[in-house]
Amino acid sequence: MSSVSEPIIELRNISKRFSSTQDVVGRLATRLGLAKQPPVVHAVDEVSLRIMPGEVVGLVGESGCGKSTLGRIVAGILPASSGTVLYRGKDVAQLPTRERRRAKLKTQMIFQDPFASLNPRMRVSEIVGEAPRVHRVVSNDVEAYVSEQLHRAGLDPSYRRRFPHQFSGGQRQRIGIARALAVQPEFLVCDEAVAALDVSIQAQILNLLLDLREQLDLTYLFISHDLGVVQHLSDRVVIMYTGRVVEEAPSGEIFSRPNHPYTQGLLAEIPRLDLRKRRFSAIKGEIPSPLNPPSGCHFHPRCPHAMPRCSVERPVLREIAAGHRSACHLNDMDAAEPLPAGAAAGRA
Amino acid sequence: MTVTSVTDRNSPTLEVQDLKTHFFLKGGVLRAVDGVSFTVGRGKILGLVGESGSGKSITGFSIIGLIDPPGRITSGRILFRDRDLSKLSEKEMRQLRGNRIAMIFQDPMMTLNPVLRIDTQMVEAVLAHDKISKQEARARARDALGMVGIPSPEERLSAYPHQLSGGMRQRVAIAISMLHQPDLIIADEPTTALDVTIQAQILAEVQKLARDHGTALIWITHDLSVVAGLADEVAVMYAGRIVEQGNVDSVLDRSLHPYTHGLIGSVPSQNRARKRLVQIPGMTPNLLDLPPGCAFRSRCAHADMACEQDPPITTPEPNHALRCFHPQREYAA
């Protein structure tokens with residue numbers, strides 16, 4: 001890989017807004033000022049992100065922070081409301097149809113729920129074989145190709161004729177992985193791919209993902225709320241909070257020198273095997289509703305360091321060290337002095 | 001029962017002796033819990049760890065008396081402050097349940113009724129065991145909500161469950177379990193579905209409860225790292241039996257059972273970043289068709305002829321017991 005390689009995926013100012021669609025009467029009523037505008041959820045708010053080939057990027061956040069929505073936009077399942085997605089330097093939306101289809105095929109997704117993401121009425125051979133057949137990834141012997149894909153995902157190819165309900169959760173997740181890899185993608189979006197699994201099965205799937213990455217030169221966007229898993233897997237970690245990226249850094253850097261107060265609080269709460277009989281004390285307050293997020297910095301109502309400025313002005317995500325970006329006004333105050341880590345975590 | 005003597009301060013809150021809960025199915029007898037023994041002292045937290053199907057939840061259900069046919073507690077004693085719960089009538093059990101013993105489920109909607117307001121449900125739970133006025137009951141419900149860190153509890157009381165977020169619902173369920181300041185709470189994976197910061201808030205409340213009120217806790221989970229931070233003692237279950245148990249430090253730092261090694265090794269952690277995780281080969285066995293001897297032997301690297309017999313319980317150090325013929329200091333996959 002050359003040192004000046006271009007990112008495989010680049011997001012520029014991606015936003016996604018959801019709102020309920022109004023009927024004619026509703027629109028008229030709104031226009032005349034008789035009804036309120038329907039509420040708008042800013043699921044993703046101006047997120048920019050570059051992912052280099054071969055990288056594993058962990059995307060971390062709590063429920064409702066927009067991490068899954070962002071993953072779906074990257075995978076091309078959801079259109080963004082504004083902003084551009086570039087695949088190998090080209091704007092996917094501007095590509096001619098055939099090239100766009102090819103670009104989308106190179107990005108595949110693995111879903112959280114191995115029960116909901118497999119069609120219960122299809123046999124495994126159909127689930128895995130349909131896309132490569134339709135997209136002419138393989139032309140003649142589809143059955144042999146499916147067997148090879150199943151084998152690579154750690155499944156016995158003789159299970160080809162079975163239905164999804166005949167498999168355990170871990171095996172089903174393997175089917176999902178085989179299906180995603182069957183169209184020979186370069187980039188995989190894993191949305192909480194191991195969250196629903198038992199620890200020992202989770203370890204098996206994580207190992208499989210790492211092996212496949214080596215064999216097939218894959219790039220991963222790994223979405224998870226489990227910081228332990230992300231730490232294990234990722235080269236780089238991106239932390240989201242209510243639709244915005246609050247911090248982004250190489251994995252080692254973010255876990256040893258978290259900058260944003262939210263990241264610090266989050267890291268302090270990871271349950272760890274080597275910490276015994278600890279006093280748990282969490283970040284105070286609730287995760288805000290994306291329907292009505294706080295003004296300024298979204299984290300200010302829960303932040304132990306909040307200043308008047310935080311409730312007014314949105315902090316910019318800017319570089320504080322090489323490859324380490326954070327969106328916090330505290331970084332403007334005194335660049336020489338890092339945040340007191342203990343104060344943010346508030347641990348006894 | 002006969003004389004409710006002043007409970008000995010030193011006697012454990014709960015003592016389970018050789019508990020067996022079997023399910024009599026068409027396909028045979030499923031030994032979900034097969035000879036489990038442990039004690040939980042006042043204000044102590046026991047982490048009951050295992051994977052799906054290990055019998056950890058059924059152990060919890062057996063204690064609180066929620067085993068329905070075809071399941072049955074076939075033998076063993078469940079001594080709760082010196083009364084054997086498995087011998088109590090349904091009426092006696094009802095007086096204890098929700099009052100002296102409470103349970104928190106993984107899914108808070110198993111506790112909450114979706115068509116009743118929070119206050120209706122909480123007041124009912126208070127009045128079920130205490131003869132006080134509705135106003136007093138409501139006040140107590142409000143205080144309980146405040147205790148689990150719910151902001152503006154007075155307003156939340158008149159909400160319906162669907163109006164609350166998942167973490168909030170779970171906290172309401174926990175508040176309900178704490179209404180009568182029970183002596184024992186059985187928590188079945190209560191934070192598994194929650195976010196990290198919400199999980200930490202709940203763990204903090206639970207620790208406070210154990211510390212301040214002397215409530216004993218059984219924390220059922222598959223997450224060893226939560227147990228490490230929370231529990232005093234840990235019991236690792238596999239295929240209906242406890243394979244290793246004891247003090248958290250000795251079990252996690254000096255584990256001896258190959259299965260415990262495997263579980264610890266499969267937890268992703270800092271110092272093993274990007275390396276392969278330890279993988280326990282194979283899958284959990286079918287409980288309907290369990291061969292005699294050690295249930296783990298088909299997945300164990302150290303198994304030999306001896307393992308076809310039931311392994312005896314040994315205690316390599318005080319407060320650390322295990323069931324294995326070949327205790328291992330290091331895990332070899």
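Every chain is numbered from 1 and lettered A, B, ... according to where its sequence line falls, protein lines coming before strand lines. Being a predicted model, the structure only gives us computed values, none of them experimental.
- Heavy atoms of B/Glu205 lying under 4.5 Å from chain A are absent altogether.
- At a heavy-atom separation below 4.5 angstrom, chain A is approached by B/His222, B/Leu224, B/Ser225, B/Val226, B/Ala228, B/Gly229, B/Leu230, B/Ala231, B/Asp232 within residues 220-232 of chain B.
- Residue with the most contacts toward chain A among B/Val248, B/Ile45, B/Asp253: B/Asp253 (heavy-atom pairs, distance under 4.5 Å).
- If you tally non-hydrogen atom pairs under 4.5 Å between each of A/Leu227, A/Asn207, A/Val230 and chain B, the highest count goes to A/Asn207.
- For A/Asp226, no part sits under 4.5 Å from any heavy atom of chain B, backbone or side chain.
- Counting heavy-atom neighbours within 6.0 Å of B/His213 NE2, excluding the residue itself, gives a total above 12.
- Using a 4.5 Å cut-off between heavy atoms, A/Ser251 makes no contact with chain B at all.
- B/Glu51 and A/Ser200 are linked by a side-chain donor-acceptor pair at a separation below 3.5 angstrom, with hydrogens and angles left out of the test.
- With A/Gln231 contributing its side chain and B/Pro268 its backbone, the two residues share no donor-acceptor pair below 3.5 Å.
- Atom CD of A/Gln215 has more than 12 neighbouring heavy atoms from other residues, nucleotides or ligands inside a 6.0 Å radius.
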